[in-house]
Peer 1: 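Let me give you the structure first, and then I'll get to my questions.
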Amino acid sequence: MKNKKWDLVALASIPLIMTLGNSMLIPILPLISRELHVSSFKVSMLITVYAIVAILLIPIAGYLSDRFGRKKVIIPSLIIAAVGGAISAIAAWLTADMTAYWIILGGRLLQGIGAAGAFPIVIPLVGDMFEQEEEVSKGLGIIETSNTLGKVISPILGAALGIVLWYLPFISIPVLCMISLVLVIFLVQTPSKTPSNDSLKKFLSGTKDALKEKGRWLYAIFAVGCICMFILFGVLFYLSDTLESKYKLDGVLKGLVLAIPLAVLCLSSYIGGKVIGQNKNRMKWIGFGGMALITICLIITGFSSQIVFVISLFSLCGAGIGSALPCMDALITEGIEKEQRGTITSLYSSTRFIGVSLGPPIVSLLQHVNHWILFGMMAALAGIGGLLILMAIKPSAENA
């Protein structure tokens, strides 16, 4: 792994920067709503449209990466993400109100296209780089930690930039994408591998066969990834809106509060990647434990909206998500042959983006209806995720 240290640094910059490009907006969504004179639901669409287009295009990016090579997909995707970010920044700078909103939304859509071919392709590329399963697990732990580190930094950075200029987070996105692009071009040495020459029909048939053969545990992992991201982004949206509307907390202080559960998630993700090694039974039970912790915390949260109480329980939820996700990443990467790894892991990434896209708008609709209904619904989803891990993932059988 030491020989691949700089490769991992460059690859880890992708989830870090893609996460910053999306999550930096969360603490300033109320500010954007006021500046553009749009509703909280409409402003939540800036997160959702990014995720929806990624959901649709990630499987295509996975196929292209299997066919032509990972790096050949990642590089143009980073350029597209930078262009989308630049369009949003220019619109925020030069236009106003609904005109600005719709152009920014278009830029976010383009940014989502770029994101589809960037972060999701990193996961199979790490799997390609190492032969030993333990090294794959450690590498994926670093990637997931970088992803969660981006989530920790993003509310603080987004809030700080928003104080200076409300659209400064939009301006930072193309700059960050270009930094990652340079790192990937010069530092990442892709493994010598002959790209697949299979036709699309043969490729789709092989993917269908893989899903048919291993679908039981694959679909469970897909669902768990979706649930974790739904809860994470739903909780972040809830906190961002509540801290500002109810407690009049904004700026960097608000960003620091949002970063607390994310910092716990980041630490848990890093430790999880170290602990699981190549032991698939350990991956299953740590993943189950993480989902059980999330379920319990969300049930308790339903009984009180007192902010210190809520943030404390959200931090424990972060520990649960940080424990579960590296286990799911490792199980799916190590359980699939390299020839189909790009497509299958891309399908997994798509389901995670489904959670990202649904979290903010659903929470925006439910948070003013009933506190218990909101958190009871999320607790039920986490409980379903835990049961899926328990019942569908059997390392000694399907994916050992």
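All heavy atoms count here, side chains included; hydrogens, waters and symmetry mates do not.
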Peer 1: Sub-3.5 Å donor-acceptor pair from the side chain of T242 to the main-chain atoms of Y238, do we have one?
Peer 2: yes
Peer 1: Any donor-acceptor pair under 3.5 Å linking the side chain of S146 with the backbone of A12?
Peer 2: yes
Peer 1: Group every Ile, Leu, Val, Met, Phe, Trp and Tyr by side-chain heavy-atom contacts under 4.5 Å, then state whether W166 and L253 land in the same group.
Peer 2: yes
Peer 1: Please give me the minimum heavy-atom distance between A220 and I393, naming the atom from each residue.
Peer 2: CB-CG1, 4.4 Å
Peer 1: If you round to the nearest 0.5 Å, how far is CG of L176 from OG1 of T19?
Peer 2: 11.5 Å
Peer 1: Any luck finding a side-chain donor-acceptor pair between S40 and S364 under 3.5 Å?
Peer 2: no
Peer 1: Heavy atoms only: give me the nearest V188-A10 pair and the separation to one decimal.
Peer 2: CG2-CB, 3.6 Å
Peer 1: Does S23 use its side chain to pair, donor to acceptor, with the backbone of L20 at less than 3.5 Å?
Peer 2: no
Peer 1: Are L46 and W93 linked, directly or through intermediate hydrophobic residues, by side-chain heavy-atom contacts shorter than 4.5 Å (ILVMFWY only)?
Peer 2: yes
Peer 1: Closer than 3.5 angstrom, by distance alone: can the side chain of S88 be matched with the main-chain N or O of I104 as a donor-acceptor pair?
Peer 2: yes
Peer 1: Please find the pair of heavy atoms, one from H371 and one from G302, that lie closest to each other, and give the distance.
Peer 2: CD2-O, 3.3 Å
Peer 1: Give the intermediate values and the outcome of side-chain contact (heavy atoms from CB on, under 4.5 Å) for residues F230 and M378.
Peer 2: CA-CA 8 Å; F230 174 87; M378 288 198 284; 3.9 Å; yes
Peer 1: Quick check against the 3.5 Å criterion: does K254 have a side-chain atom that pairs as donor or acceptor with the backbone of S240?
Peer 2: yes
Peer 1: Is a donor on one side and an acceptor on the other found under 3.5 Å between the side chain of T351 and the backbone of A223?
Peer 2: no
Peer 1: Looking at S154 and G150, would you say the former's side chain and the latter's main chain have a donor-acceptor pair under 3.5 Å?
Peer 2: yes
Peer 1: Within the distance-only criterion (no hydrogens, no angle test), does the side chain of D97 pair as donor or acceptor with the backbone N or O of T99 below 3.5 angstrom?
Peer 2: no
Peer 1: Please walk me through it: do F170 and I32 pass side-chain contact (heavy atoms from CB on, under 4.5 Å)?
Peer 2: CA-CA 11 Å; F170 289 111; I32 295 172; 4.0 Å; yes
Peer 1: Minimum heavy-atom separation for S180 and I17, please, with both atom names.
Peer 2: CB-CD1, 3.4 Å
Peer 1: Taking all heavy atoms of L316 and all of C297, pick out the closest pair and write down the distance.
Peer 2: CB-SG, 3.3 Å
Peer 1: Ignoring hydrogens and geometry beyond distance, is a side-chain donor-acceptor pair present between Q189 and D7 at under 3.5 Å?
Peer 2: no
Peer 1: Does the S65 side chain pair with the main chain of R70, one donor and one acceptor, at a distance under 3.5 Å?
Peer 2: no
Peer 1: Between atom CD1 of I227 and atom CD1 of I354, what is the distance when rounded to the nearest 0.5 Å?
Peer 2: 11.5 Å
Peer 1: Less than 6.0 angstrom separating the ring centers of F353 and Y348, yes or no?
Peer 2: no
Peer 1: Counting C-beta onward and ignoring hydrogens, is there a side-chain heavy-atom pair between C228 and V224 closer than 4.5 Å?
Peer 2: yes
Peer 1: Indicate yes or no: at least one non-hydrogen side-chain atom of I75 is less than 4.5 angstrom from one of I185.
Peer 2: yes
Peer 1: Under a 4.5 Å side-chain heavy-atom rule over Ile, Leu, Val, Met, Phe, Trp and Tyr, are L57 and I80 clustered together?
Peer 2: yes
Peer 1: Using the rule given for side-chain contact (heavy atoms from CB on, under 4.5 Å), can you reason through N22 versus R108, listing the C-alpha separation, both sets of side-chain angles and the distance that settles it, and then say yes or no?
Peer 2: CA-CA 9 Å; N22 198 30; R108 290 288 291 167; 2.4 Å; yes
Peer 1: Is there side-chain contact between L110 and V83, with heavy atoms separated by less than 4.5 Å?
Peer 2: yes
Peer 1: How long is the straight-line distance from CD1 of I156 back to CE of M24, given to the nearest 0.5 Å?
Peer 2: 12.5 Å
Peer 1: Counting C-beta onward and ignoring hydrogens, is there a side-chain heavy-atom pair between I321 and M229 closer than 4.5 Å?
Peer 2: no
Peer 1: With hydrophobic residues grouped by side-chain heavy-atom distances under 4.5 Å, do I332 and V275 end up in a single group?
Peer 2: yes
Peer 1: At what distance, to the nearest 0.5 angstrom, does CD1 of I47 lie from CG of L25?
Peer 2: 5.0 Å
Peer 1: With rounding to the nearest 0.5 angstrom, report the CG to CE distance, N370 to M377.
Peer 2: 11.5 Å
Peer 1: Answer with yes or no whether the hydrophobic clustering places V264 together with L149; edges join I, L, V, M, F, W, Y residues whose side-chain heavy atoms lie under 4.5 Å apart.
Peer 2: no
Peer 1: Would you call the rings of W372 and F303 parallel, tilted or perpendicular if under 30° counts as parallel and over 60° as perpendicular?
Peer 2: tilted
Peer 1: Are the side chains of F314 and L239 in contact, using a 4.5 Å heavy-atom criterion?
Peer 2: yes
Peer 1: Considering all heavy atoms of both residues, which atom of K284 and which atom of L390 are nearest to each other, and what is their separation?
Peer 2: NZ-O, 3.1 Å
Peer 1: Applying side-chain contact (heavy atoms from CB on, under 4.5 Å) between I296 and each of I294, L298, I299, I300, report the one that passes.
Peer 2: I300
Peer 1: Mark yes when over 12 heavy atoms from residues, nucleotides or ligands other than K71 sit less than 6.0 Å from its NZ; otherwise mark no.
Peer 2: yes
Peer 1: Quick one: does L161's side chain get under 4.5 Å of S172's, heavy atoms only?
Peer 2: yes
Peer 1: Using side-chain heavy atoms (C-beta onward) and a distance below 4.5 Å, is F237 in contact with L29?
Peer 2: yes
Peer 1: Could you check whether any side-chain N or O of S323 sits under 3.5 Å from a backbone N or O of G290, counting only pairs where one atom can act as donor and the other as acceptor?
Peer 2: no
Peer 1: How far apart are the C-alpha atoms of L181 and I79, what are their side-chain angles, what is the distance that settles it, and do they pass the side-chain contact (heavy atoms from CB on, under 4.5 Å) test?
Peer 2: CA-CA 7 Å; L181 177 67; I79 295 171; 3.8 Å; yes
Peer 1: Should the heavy atoms of other residues, nucleotides or ligands under 6.0 Å from CE of M98 be counted, would the total exceed 12?
Peer 2: yes
Peer 1: Quick one: are M45 and Y50 in side-chain contact, heavy atoms under 4.5 Å?
Peer 2: no
Peer 1: Hey, what do you get for CG (L325) to CG (L232), rounding to the nearest 0.5 Å?
Peer 2: 8.5 Å
